[in-house]
S.K.: 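Quick one: this structure, given as structure tokens, is what I'll be asking you about.
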Amino acid sequence: MAKTGGLADVAASLPGALARLGVEVRLVMPGYRQALDEVERLQVTGVLPDVLGFENVRILTGRTPDSGLPISLVDIPSLYCDGGDIYLNADGSDRSNNHVRYAVLSHVATAIALGWTDSAWVPDIVHCNDWHTGLIPLLLRSAAGRFGPATVFTVHNMAYQGSFPWSEVEAIGIPADPELRAGLEFYGNANFLKAGLAFGDMVTTVSPTYAQEIQTPEYGFGLEGVIAARDGRLVGILNGIDAEFWNPAGSPWLASQYSARNVGGKARCKRDIQRELGLRMDARAPLTVFIGRLTWQKMADVMVKAVPEMLRREPDCQFALLGQGDRALEDAFRGLTGAFPGRISINIGYSEREAHRLHAGGDILIHGSRYEPCGLTQLYAMRFGAIPIVRPVGGLADTVTDASDDAVSSGTATGFHFTGTDEDAMRAGFDRAIALYHQDLAWRRLRKAGMSCDFSWEQSAHKYLELYTDLVSRRSRAADSRSAREIA
Ligand code: ADP
């Protein structure tokens, strides 16, 4: 799996959950080097003579190594195996050809969906994710109108839109139809995300609250009007987590495994991570962790001020960070270490092993976000019994129940909300969490409630299946009335 963040986790998990519900799923992705190496039993299942000037494009179909699902790769080594990564060229510079890379993917996916490469397998639904696939609903509309498969377009983050100069519109093979071009054009650019939002038969996003928020200027990143125009065709379905992999009772990387019913091992994990990171070995010290991208979205610029302030005021508190992102923020966090010996650990890097160990050893997760489509880290934290402090936006609002007095006494609280985007707001979150940490019984309740939440993919997969079923039956009703009219 080509992995860069939350979307990668989704792409790896949802198809398997759908297959378990009986959906016949097939994945399509670019033939990246890693995918060509890892997909098993690859066979040529089609050749397209010309895709935007690339000749004899082979479709290679095999099985995913983990779940054994069918997957088709678009085999154009000069486009997808040029030594760079998804967003960067081999020399580290930003890619300038992503419009071609993902337009080609979209044209090939359209051909596969219409049975042009393999007429034995034609889907009812094409489910497209993020701007990279935004041209597919447009191309399917153009090629097959209402006779083709229905499309679901899921937006995982409104900030990333795939916007390119309009002068490229011929190069990416957009038909001359004015209605189609109007759906793609946005302030003089070709905006792939807008096309997906405009032409998807259904538009989904990854939490109910985010579905509301993106209709407003604050969260719509300019496309709020396009989204609002799809009202009635927009739903929010929460992402799930891979509950087997993110499982404190099964993780191979912990000093001791544990569960909601038998949480004793968590204290050993805390000791172990304190030792590994050079933190003072103190079982009673509240240990706050952060795991994620060091970016403006994640309020890392606010955290870098709020954390030292919290450590200064609360001499027994500790803080451990695992993340990477903006260079200036990475440096600013590194710069904090000298001031708090034995109380702070800054690890600039990416490691799932360390993420597991921090969730297991941590008491508190700090997860501020300026916007958050769904957020997975807070779900992992809850599963491992680290209590999240969040700004209640998007999926954070939908998944973390604030520890109000009522919610604590009824046993439904799972974390702490803070409102606002400055240090004072975040500090108020820290203050509430640390105060409750010292109330043993209440803290254990919070931890148990979080660890008992079911955020597995099965829940979300059922909702997607309902959506697919509804779209298919609408399509067949439309086809029936069409053929009735034709007979008449
Ligand atoms: P986003 O997709 O906006 O980055 P999410 O919370 O939806 O945020 O998903 C981020 C995913 O990447 C989670 O699985 C998170 O644990 C993981 N992650 C981010 N940074 C790191 C890191 N430095 N090391 C390990 N895992 C990380």
Side-chain angles (χ1 to χ4, degrees), residues 1-4 7-8 10-12 14-16 19 24-91 95-123 126-140 143-144 148-149 151 162 164 168 170-174 192 196:
M1 187 54 61
K3 176 155 185 169
T4 62
L7 172 58
V10 175
L14 176 60
E24 210 183 304
V25 187
R26 179 171 300 213
L27 304 164
V28 179
M29 71 180 273
Y32 299 128
R33 178 77 270 151
Q34 200 187 343
L36 289 168
D37 290 343
E38 288 180 16
V39 171
E40 293 162 0
R41 292 181 274 151
L42 279 176
Q43 285 181 347
V44 180
T45 50
V47 178
L48 291 164
D50 180 359
V51 184
L52 301 182
F54 292 92
E55 291 178 2
N56 299 322
V57 172
R58 297 191 313 166
I59 316 301
L60 304 176
T61 301
R63 298 273 164 175
T64 56
D66 40 6
S67 42
L69 293 173
I71 178 167
S72 294
L73 303 178
V74 184
D75 183 34
I76 310 180
S78 63
L79 204 54
Y80 299 126
C81 294
D82 60 0
D85 76 7
I86 297 181
Y87 299 109
L88 300 176
N89 290 309
D91 64 6
R95 282 196 178 280
S96 59
N97 66 341
N98 263 341
H99 58 302
V100 177
R101 282 155 58 88
Y102 296 107
V104 166
L105 174 70
S106 298
H107 280 275
V108 173
T110 301
I112 293 174
L114 293 172
W116 293 349
T117 61
D118 174 6
S119 58
W121 191 84
V122 178
V126 180
H127 189 157
C128 314
N129 288 282
D130 269 352
W131 70 262
H132 315 74
T133 60
L135 296 185
I136 298 172
L138 179 156
L139 294 171
L140 276 171
T151 53
F164 305 100
E168 297 295 319
E170 302 296 335
I172 58 176
I174 304 302
F192 284 32

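Worth saying up front: this structure is predicted, and the values here are computed from it rather than measured.
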S.K.: Does any part of the side chain of L73, heavy atoms only, come nearer than 4.5 Å to the side chain of M29, both counted from C-beta?
M.R.: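 M29 vs L73: side chains touch.
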
S.K.: What distance do N56 atom CG and L48 atom CG have between them, rounded to the nearest 0.5 Å?
M.R.: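 One finds 9.5 Å between CG of N56 and CG of L48.
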
S.K.: Hey, does V44 have a side-chain heavy atom less than 4.5 Å from the side chain of L60?
M.R.: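 A side-chain contact exists here, since the closest heavy-atom pair is under 4.5 Å.
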
S.K.: What's the shortest heavy-atom distance between C128 and P137, and which atoms?
M.R.: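 Nearest heavy atoms, C128 then P137: SG-CD, 4.0 Å.
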
S.K.: Do other residues, nucleotides or ligands put more than 12 heavy atoms under 6.0 Å from E55 CD?
M.R.: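 For E55, atom CD is not crowded (no more than 12 foreign heavy atoms under 6.0 Å).
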
S.K.: Looking at side-chain heavy atoms only, is the closest gap between L14 and V25 below 4.5 Å?
M.R.: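 No, every pair of side-chain atoms sits at 4.5 Å or beyond.
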
S.K.: Nearest heavy-atom pair of A103 and F192: which atoms, and what distance?
M.R.: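 Smallest heavy-atom distance, with atoms named: N-CE2, 4.1 Å.
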
S.K.: Could you tell me whether the side chain of F164 reaches within less than 4.5 Å of the side chain of V100, counting heavy atoms only?
M.R.: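 Side-chain contact under 4.5 Å: no.
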
S.K.: To the nearest 0.5 Å, what is the distance between CZ (R63) and CG (L27)?
M.R.: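 Spacing of CZ (R63) from CG (L27) equals 10.5 Å.
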
S.K.: Do R26 and S72 come within less than 4.5 Å of each other through their side chains, counting heavy atoms only?
M.R.: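 Contact flag for R26/S72 side chains = yes.
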
S.K.: Looking only at heavy atoms, which two atoms of E38 and P65 are closest? And how far apart?
M.R.: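 Shortest heavy-atom contact: O-CG, 3.7 Å.
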
S.K.: Which residues pass the side chain to side chain contact (heavy atoms under 4.5 Å, CB included) test with L69, not counting sequence neighbours?
M.R.: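 Counting only residues at least two positions away or on another chain, L69 forms a side chain to side chain contact (heavy atoms under 4.5 Å, CB included) with P15, A19, T64, S67.
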
S.K.: Between T117 and T45, is any pair of side-chain heavy atoms under 4.5 Å apart?
M.R.: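 A side-chain contact is absent here, since even the closest heavy-atom pair is not under 4.5 Å.
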
S.K.: If a pair satisfies salt bridge (Lys or Arg N to Asp or Glu O under 4.0 Å) and one of its residues is in residues 71-83, list it, with sequence neighbours excluded.
M.R.: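 Salt bridge (Lys or Arg N to Asp or Glu O under 4.0 Å) check on residues 71-83 returns R58-D75, D82-R95.
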
S.K.: Okay, side chain of R101, backbone of L79: is any donor-acceptor separation there less than 3.5 Å?
M.R.: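 Yes: the side chain of R101 pairs with the backbone of L79.
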
S.K.: Using residues 104-116 as the side-chain source, report each donor-acceptor pair under 3.5 Å to any protein atom, sequence neighbours left out, with the distance given to one decimal.
M.R.:
{"unit_1": "S106", "atom_1": "OG", "unit_2": "Y102", "atom_2": "O", "d": "2.8"}
{"unit_1": "H107", "atom_1": "NE2", "unit_2": "I172", "atom_2": "O", "d": "2.9"}
{"unit_1": "T110", "atom_1": "OG1", "unit_2": "S106", "atom_2": "O", "d": "2.7"}

S.K.: Rounded to the nearest 0.5 Å, how far does OG1 of T151 lie from CD1 of I136?
M.R.: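 The distance works out to 9.5 Å.
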
S.K.: Apply side-chain contact (heavy atoms from CB on, under 4.5 Å) to V28 and I59, showing your working.
M.R.: CA-CA 9 Å; V28 179; I59 316 301; over 6 Å; no

